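One structure is given here, and the rest of the page talks about it.
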Amino acid sequence: MSPASPSQNLGIYIHFPFCAYKCGYCDFNSWVEETEEPQKIWLEALKKELLFWKARGLDDFQIDTLFMGGGTPSLLKEKYFYELEAFLKKNLTFSPTLEWTVEANPETIHSTLLETFENIGVNRLSIGIQSFQEKYLRRLERGATPHSNKRALSCVAENWKGRWSLDLMFGLPEQNFQDWESDLNEALSFGSKHISAYQLTLSTEKSKNWKQPVEEELLKYFRFTREVLGARGLIPYEISNFAIPSEESRHNLKYWRAEPFLALGPGAYSLLPSRLINQSLDQSDEGFGAHLKNPSKMSDWQKHVENPLSFGRIEKRDVKIHITELLLVGLRLEKGIEMKLFPKNFDFGFLNGLNDLLEKTDTHIRATEKGREILDTTILKSVQSLK
Ligand code: SF4
């Protein structure tokens, strides 16, 4: 059995579940907690979870992307960021080109935090702005104000040498077109090279009665966003993500290519490479890996980290699951899915009837312009039925 190549790349996601407030639309696994003790407990459990995977063969992989999401990871005390850095560097092999992203809420951003990030090797920020306007921030129950959003971005523009991205939202209750245009222009005025523009999803009890623009209106917002950001050189590379070339999120691209990644933290969801589950496999026998869903509750997750393979919900993936997932995530990419990722002799029969919505080139299968506009409502539903 040949040993696995340590140069094989793997991404790691770390979930930090705490926030300073709960936004009205948020259905992420996050809850309000600002005291220090839970952070300490979280960090200790996270270390145990990582050590479990290290003993299972994580050393065979080189970590090329690390993404801390939440929650609000920028709430983590600076001393714990340093502790985390030392622990990760001791126990992981980082690629020389590691992309380390941390999600940050504007209220938490200040020059000392940015200095800490720089010191420990964080080189990309993802900043949750959502809107620059008071009425929408209040409606969404964000803790930020227009002033704190602008102050944070000015601080980043002045002090941060790494890459950064910001999130905006459209489809907000009672939103009008001028306000959205103004948010886009405000974001661009800070020199952002990566913008995620998400359509608000009304999935919480609180938000389900909010009045959102109707479908055709939302489509106009979608087209307009592509037009405005495209004109400023921010190319749509995924349905909601726009970047100047080379500024794309390398970590998120792994999700959209259905590549394996290890996710740590309460409620985190991994797509594990087969070798972390079955240590006797060598690199040529990679298979399709498995999904592992961590328990969401902190106390359950603390038990889970003792032996994630016994406590967690693990589901092996076969070729059919892999292809379905590849289509579900890969069609979100502007370039689509590389044909070489499909098995030889793969039957593309499901494309019949979707002729003007999907197109096949020599190298890729991707959504047409028309297809992109009804990706979630039509195409992805028909792909899901393949399951
Ligand atoms: S800050 Fe982010 S994770 Fe926290 S409640 Fe708001 S949307 Fe959810």
Side-chain angles (χ1 to χ4, degrees), residues 13-36 38-39 42-43 46 66-77 80-81 101-110 113 117 122 124-153 155-156 164-173 175 183 187 192 194-210 212 240-241 249 251-252 255 263-269 293-298 301:
Y13 173 81
I14 294 179
H15 189 75
F16 178 88
F18 311 122
C19 285
Y21 46 82
K22 187 77 183 172
C23 305
Y25 60 93
C26 176
D27 65 353
F28 300 140
N29 191 43
S30 67
W31 54 91
V32 177
E33 187 60 81
E34 274 193 283
T35 55
E36 187 173 332
Q39 295 196 358
W42 170 83
L43 185 54
L46 188 84
L66 185 59
F67 193 107
M68 284 182 74
T72 309
S74 54
L75 279 181
L76 182 67
K77 304 271 177 225
Y80 293 139
F81 267 118
T101 306
V102 176
E103 284 182 345
N105 269 4
E107 318 85 85
T108 62
I109 292 177
H110 47 81
L113 180 72
F117 284 169
V122 172
R124 188 170 180 275
L125 303 179
S126 173
I127 307 166
I129 294 292
Q130 317 315 350
S131 175
F132 291 96
Q133 297 171 58
E134 184 71 24
K135 57 185 167 185
Y136 302 120
L137 291 170
R138 293 293 67 78
R139 196 72 170 85
L140 294 171
E141 302 180 21
R142 299 281 299 170
T145 62
H147 173 75
S148 65
N149 278 349
K150 291 178 200 169
R151 185 208 55 79
L153 293 179
C155 181
V156 167
W164 60 278
S165 166
L166 64 83
D167 289 0
L168 289 178
M169 267 189 184
F170 68 92
L172 307 180
Q175 189 177 30
D183 272 348
S192 183
H194 187 292
I195 293 180
S196 303
Y198 297 110
Q199 182 182 313
L200 172 66
T201 313
L202 306 180
S203 51
T204 62
E205 270 307 302
K206 240 183 204 172
S207 65
K208 72 179 182 213
N209 296 322
W210 293 355
Q212 215 171 15
S240 307
N241 284 277
S249 162
H251 183 83
N252 289 342
Y255 300 149
L264 309 170
Y269 192 71
K293 171 89 172 77
N294 286 1
S296 303
K297 266 176 67 182
M298 190 77 178
W301 172 64

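Because the structure is a prediction, the values reported are computed rather than measured. Values reported hereafter were calculated over all heavy atoms of this structure, with side chains retained and with hydrogens, waters and symmetry mates removed. All ligand and atom numbering here is 1-based and tracks the order in the structure.
- The closest donor-acceptor contact from the side chain of E103 to the backbone of G70 lies under 3.5 Å.
- W301 is not listed as a side-chain neighbour of H15, based on a closest heavy-atom distance of 4.5 Å or more.
- For atom 8 (Fe) of ligand 1, the set of protein N/O/S atoms nearer than 2.8 Å consists of C26 SG, ordered by chain and number.
- The ring-ring contact (aromatic ring centres under 6.0 Å, His included) test with F16 is passed by exactly one of W31, W42, F67: W42.
- Protein heavy atom at the shortest distance from atom 1 (S) of ligand 1 is N105 ND2, 3.2 Å.
- Taking every heavy atom of R142 and a limit of under 4.0 angstrom, the matching atoms of ligand 1 come to 1 (S), 6 (Fe), 7 (S).
- Remark: side-chain polar atoms of N29 are paired, donor with acceptor, to backbone N or O of S296 under 3.5 angstrom.
- Using a 4.5 Å heavy-atom threshold, the side chains of Y21 and E141 count as separate.
- The ring of Y13 has its center no closer than 6.0 angstrom to the ring center of Y269.
- In this structure, the side chains of I129 and P106 come closer than 4.5 Å at one or more pairs of heavy atoms.
- Listed by number with element, the atoms of ligand 1 under 4.0 Å from a non-hydrogen atom of Y21 are 5 (S).
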